[in-house]
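Comments concern the structure below.
Labels below follow one simple rule: chain letters A, B, ... track the order of the sequence lines, proteins then strands, and each chain is numbered from 1.
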There are 2 protein chains.
Amino acid sequence: MERISATYLIETPLAVEKAAAVLAGEQSSGTFVPVPGETEELKERFAAWVEKITPLETAKEPSLPGAKSGAHKAFRRAEVVISWSVENMGWNLPALVSTIQGNLYELSQFSGLKLVDMELPPSFAKHFRGPKFGVAGCRQLTGVQHRPLIGTIIKPSIGLTPQQTAGLVKILAEAGIDFIKDDELMANPPHSPFDERVDAVMQVINAHADRTGKKVMYAFNVSDEADEMRRHYEKVVDAGGTCAMISLNSVGLAGAKKVCDFGALAIHGHRNGWGAMNRHPLLGTEFAAYQKIWRLAGVDQIHVNGIANKFWESDDSVVRSIEACGKPLLGGMAVLPVVSSGQWGGQAPETFRRTQTVDLLYMAGGGIMAHPEGPAAGVRSLRKWWEAAVEGLTMEEAVKKYPELNPSLEKFGKAK
Amino acid sequence: MERISATYLIETPLAVEKAAAVLAGEQSSGTFVPVPGETEELKERFAAWVEKITPLETAKEPSLPGAKSGAHKAFRRAEVVISWSVENMGWNLPALVSTIQGNLYELSQFSGLKLVDMELPPSFAKHFRGPKFGVAGCRQLTGVQHRPLIGTIIKPSIGLTPQQTAGLVKILAEAGIDFIKDDELMANPPHSPFDERVDAVMQVINAHADRTGKKVMYAFNVSDEADEMRRHYEKVVDAGGTCAMISLNSVGLAGAKKVCDFGALAIHGHRNGWGAMNRHPLLGTEFAAYQKIWRLAGVDQIHVNGIANKFWESDDSVVRSIEACGKPLLGGMAVLPVVSSGQWGGQAPETFRRTQTVDLLYMAGGGIMAHPEGPAAGVRSLRKWWEAAVEGLTMEEAVKKYPELNPSLEKFGKAK
């Protein structure tokens with residue numbers, strides 16, 4: 001029988017082997033009461049296995065409260081790999097999540113526990129389509145090849161009327177943008193009803209497309225209850241839109257998968273709330289595992305932060321996240337990483353140097369709207385930064401070779 | 001305009017006032033670009049307000065990595081209350097979650113941030129029904145008044161066939177149990193297909209009800225994708241069942257609300273994954289806020305752990321959680337707290353002494369199936385423990401007055 005495996009970073013006051021065995025037991029066959037004639041067979045078929053233990057350092061203090069501290073007052077860290085038979089949960093994403101990320105975080109045998117990654121067997125490819133559009137589909141919908149899609153977010157985050165939003169979309173479309181998104185704080189509020197916003201924005205986008213042949217991808221934030229999401233989604237389809245945005249953690253797996261399954265729009269996966277799941281080094285989950293769940297659900301684009309972002313996340317973590325998106329899942333299921341937070345173009349050389357990919361949706365806010373020579377110059381500047389990055393130039397070399405990059409460096413690079 | 005407020009425990013290397021203002025800005029009007037003639041009006045209508053700041057202690061080390069440490073190397077803690085106009089998000093639960101629990105965890109202005117509680121204005125009662133059954137409905141469905149519902153979970157957690165499961169249900173029903181649940185690891189796996197399990201279990205439960213007039217409530221784990229959940233739900237209704245279980249965090253808010261909205265079954269809300277959201281003292285969310293979201297969604301029963309549980313959670317936290325469930329939300333929306341983890345009855349006196357309520361679903365595993373005199377004695381023993389608890393007896397006094405409690409104390413109380 002095929003097996004699913006998950007890798008954890010653990011910290012425990014117990015012997016690592018013992019703690020790993022508790023985790024495996026809690027998340028599979030649990031306490032056995034005698035069931036006539038079946039106990040040994042059950043154990044063999046359904047028990048989770050401890051596949052591998054790699055000891056790491058020992059800490060003097062526990063990373064999290066509530067662990068049974070035992071006699072020795074030492075907290076051993078290790079990487080452990082646990083596996084389950086597919087027969088335990090079937091091809092059911094919520095059941096998979098409950099198995100690899102359920103009660104185990106509450107076990108007092110651990111003073112730290114983080115899901116690092118997971119591996120799925122081939123049968124998952126038969127049960128899950130993955131992203132309907134992915135990298136190639138998003139490129140086709142926007143007509144962008146051989147460079148990152150350039151995107152931006154409507155600001156202020158909240159408060160604009162549909163007409164004001166459409167006015168900004170017009171400026172951005174004329175500036176040559178590829179992608180625009182709603183803020184995650186904007187869904188269907190009384191001051192900007194979803195349908196009115198779609199009508200106003202798509203009128204601008206469709207007119208621009210008729211004139212130029214280029215259809216800007218606008219990610220309308222459909223996040224809501226299930227029936228509302230379906231209604232919003234259909235509204236976007238009817239209006240000629242190409243993308244819907246979901247706040248993945250707020251909507252949740254069953255609701256998001258249902259929206260992905262509709263299959264008519266590219267799905268922009270916003271991961272707001274992610275900090276609570278990842279910021280502690282020994283609690284929650286790493287992005288490598290997280291993005292696999294959402295690719296199985298069918299998300300086409302997923303947020304990864306950016307180099308030198310304004311949030312807490314390190315560049316190393318951002319690079320690992322972009323790389324995770326680039327690795328095939330079950331032979332494919334390509335997902336487009338969304339680079340954002342404090343980006344203005346000057347991070348392009350370092351982003352490319354470290355990831356060697358242009359399969360990105362590169363989002364800048366101020367870098368476009370606040371460019372000293374206007375939004376069109378802002379979009380041109382971002383594209384030029386990426387040309388320079390792909391040529392292998394550093395930030396300094398890029399500005400020397402392409403003096404038109406100077407205004408962005410002066411305005412955004414030196415203010416930082 | 002009505003306002004929503006949220007209380008946070010924060011830790012910051014900055015002045016607390018400054019950090020709170022950043023949080024409010026990030027989660028509302030954000031960076032303002034000039035929108036002709038509207039800026040000041042927008043700010044006034046849509047900006048989040050810092051309502052209150054209560055300074056707490058100062059720490060020398062940051063609780064979480066990634067904070068901009070500034071010059072002073074001190075990390076100030078405080079409780080802050082932030083409010084938003086309802087107009088910012090409307091009556092949309094995922095948008096509410098993105099507002100009060102979104103990007104804020106990623107802000108480098110904080111070295112710790114935990115959502116403590118939230119307050120909702122009266123209009124939410126018009127848009128959300130809350131639990132369809134709640135405490136009174138679950139009592140009515142099980143015919144239990146004036147004492148906790150006594151429940152148990154099918155063990156082993158995973159691996160039993162539908163017939164084996166039904167065999168255990170028969171033993172438990174005959175023992176006088178009120179409630180039984182699937183394990184959260186069991187949903188619709190190949191070895192126990194959902195429909196077959198429902199048929200086998202409900203045949204036993206319906207026959208028992210026909211004979212005795214008592215219908216045991218069985219929480220079938222419907223957790224799955226949206227369409228599957230609907231199908232599973234309808235199967236339970238058709239078979240005469242009264243309850244469905246959802247792994248709340250794995251299924252997510254939109255999917256779970258949809259299932260609650262069906263309205264024909266009591267919904268048992270399992271919070272597996274909760275440890276990752278709550279175990280760190282300065283990251284994630286407290287149960288007071290968490291349970292309000294799920295009550296709005298319509299969950300009838302929600303897990304709270306138990307006194308002297310086998311997990312990491314403290315008794316104080318369990319007591320706070322039970323109290324949170326007992327407080328009316330928007331004038332009502334009563335939810336039944338599910339007490340579980342290592343319970344055998346002996347914790348009843350302390351549970352009642354500290355919470356003064358019998359509006360509980362009290363779950364015991366070994367305390368029933370492994371009772372020295374058999375499962376029926378196990379159920380009787382749990383009821384008797386609760387009688388003693390309500391009389392105000394301590395564990396010791398209870399055993400003295402009711403010698404029939406001795407076997408459970410000998411077996412479970414002294415082994416611990």
Please examine the side chains of K310(A) and Q109(B), heavy atoms only from C-beta on, and report whether any two atoms are closer than 4.5 Å.
-> no
In terms of heavy-atom pairs under 4.5 Å with chain A, which of G102(B), G255(B), G365(B), G252(B) leads?
-> G102(B)
Quick one: what part of L283(B) sits under 4.5 Å from any heavy atom of chain A, side chain, backbone, both or neither?
-> side chain
With chain B, the option among G284(A), A297(A), A47(A), S223(A) that has the most non-hydrogen atom pairs under 4.5 Å is S223(A)
Which of K257(B), R279(B), K114(B), R271(B) touches chain A most, by non-hydrogen pairs under 4.5 Å | R279(B)
Proximity breakdown for S317(A) and chain B, heavy-atom pairs closer than 4.5 Å | neither
Apply the side chain to side chain donor-acceptor pair (under 3.5 Å) test between S111(B) and each candidate in E61(B), E11(B), K68(B); give the one that qualifies.
-> E11(B)
Take Q27(B) and T99(B) through the side chain to side chain donor-acceptor pair (under 3.5 Å) test and state the conclusion after the steps.
-> CA-CA 6 Å; Q27(B) 292 308 107; T99(B) 301; 5.6 Å; no
Check: S340(B) and H303(B) side chains under 4.5 Å, non-hydrogen atoms | yes
Given L115(A), T161(A), N272(A), the one with more heavy-atom pairs under 4.5 angstrom with chain B than any other is N272(A)
Largest heavy-atom contact set with chain B, pairs under 4.5 Å, which of P281(A), S250(A), A254(A), G275(A) = S250(A)
Which word best sums up how the rings of H191(A) and F46(B) line up, parallel for under 30°, tilted for 30 to 60°, or perpendicular for over 60°?
-> tilted
Contacting region of M277(B) [heavy-atom separation from chain A under 4.5 Å] = neither
Structural part of E184(A) lying under 4.5 Å from a heavy atom of chain B = both
Could you check which of G167(B), P190(B), G90(B) has the highest count of heavy-atom pairs closer than 4.5 Å to chain A?
-> P190(B)
Pick from K258(B), Q101(B), M229(B), E87(B) with the largest number of heavy-atom pairs that fall under 4.5 Å of chain A | E87(B)
Using a cut-off of under 4.5 Å for heavy-atom pairs, which of L185(B), D227(B), V97(B), L93(B) has the most such pairs with chain A?
-> L185(B)
Does the pair R231(B) and D224(B) meet the rule for a salt bridge (charged side-chain N to carboxylate O under 4.0 Å, His left out), with working shown?
-> CA-CA 10 Å; R231(B) 222 178 47 71; D224(B) 206 321; over 6 Å; no
Determine whether more than 12 heavy atoms belonging to other residues, nucleotides or ligands lie under 6.0 Å from atom CD of E44(A).
-> no
pair E106(A)-E313(B): side-chain heavy atoms closer than 4.5 Å | yes
Region of N305(A) that comes under 4.5 Å of a non-hydrogen atom in chain B = side chain
Is it the backbone or the side chain of D261(B) that comes under 4.5 Å from a heavy atom of chain A, or both, or neither?
-> side chain
What pairs with W274(B) under ring-ring contact (aromatic ring centres under 6.0 Å, His included), at least two apart in sequence or on another chain?
-> F287(B), Y290(B)
Quick one: which of A187(A), S63(A), G159(A), G366(A) has the most heavy-atom pairs under 4.5 Å with chain B, could you say?
-> G159(A)
Does a side-chain heavy-atom distance below 4.5 Å link V318(B) with F311(B)?
-> no
Most chain A-contacting option - heavy-atom pairs closer than 4.5 Å, from I246(B), L64(B), V251(B) | V251(B)
What residue, out of L96(A), N88(A), N221(A), L113(A), has the most heavy-atom pairs lying under 4.5 Å from chain B?
-> N88(A)
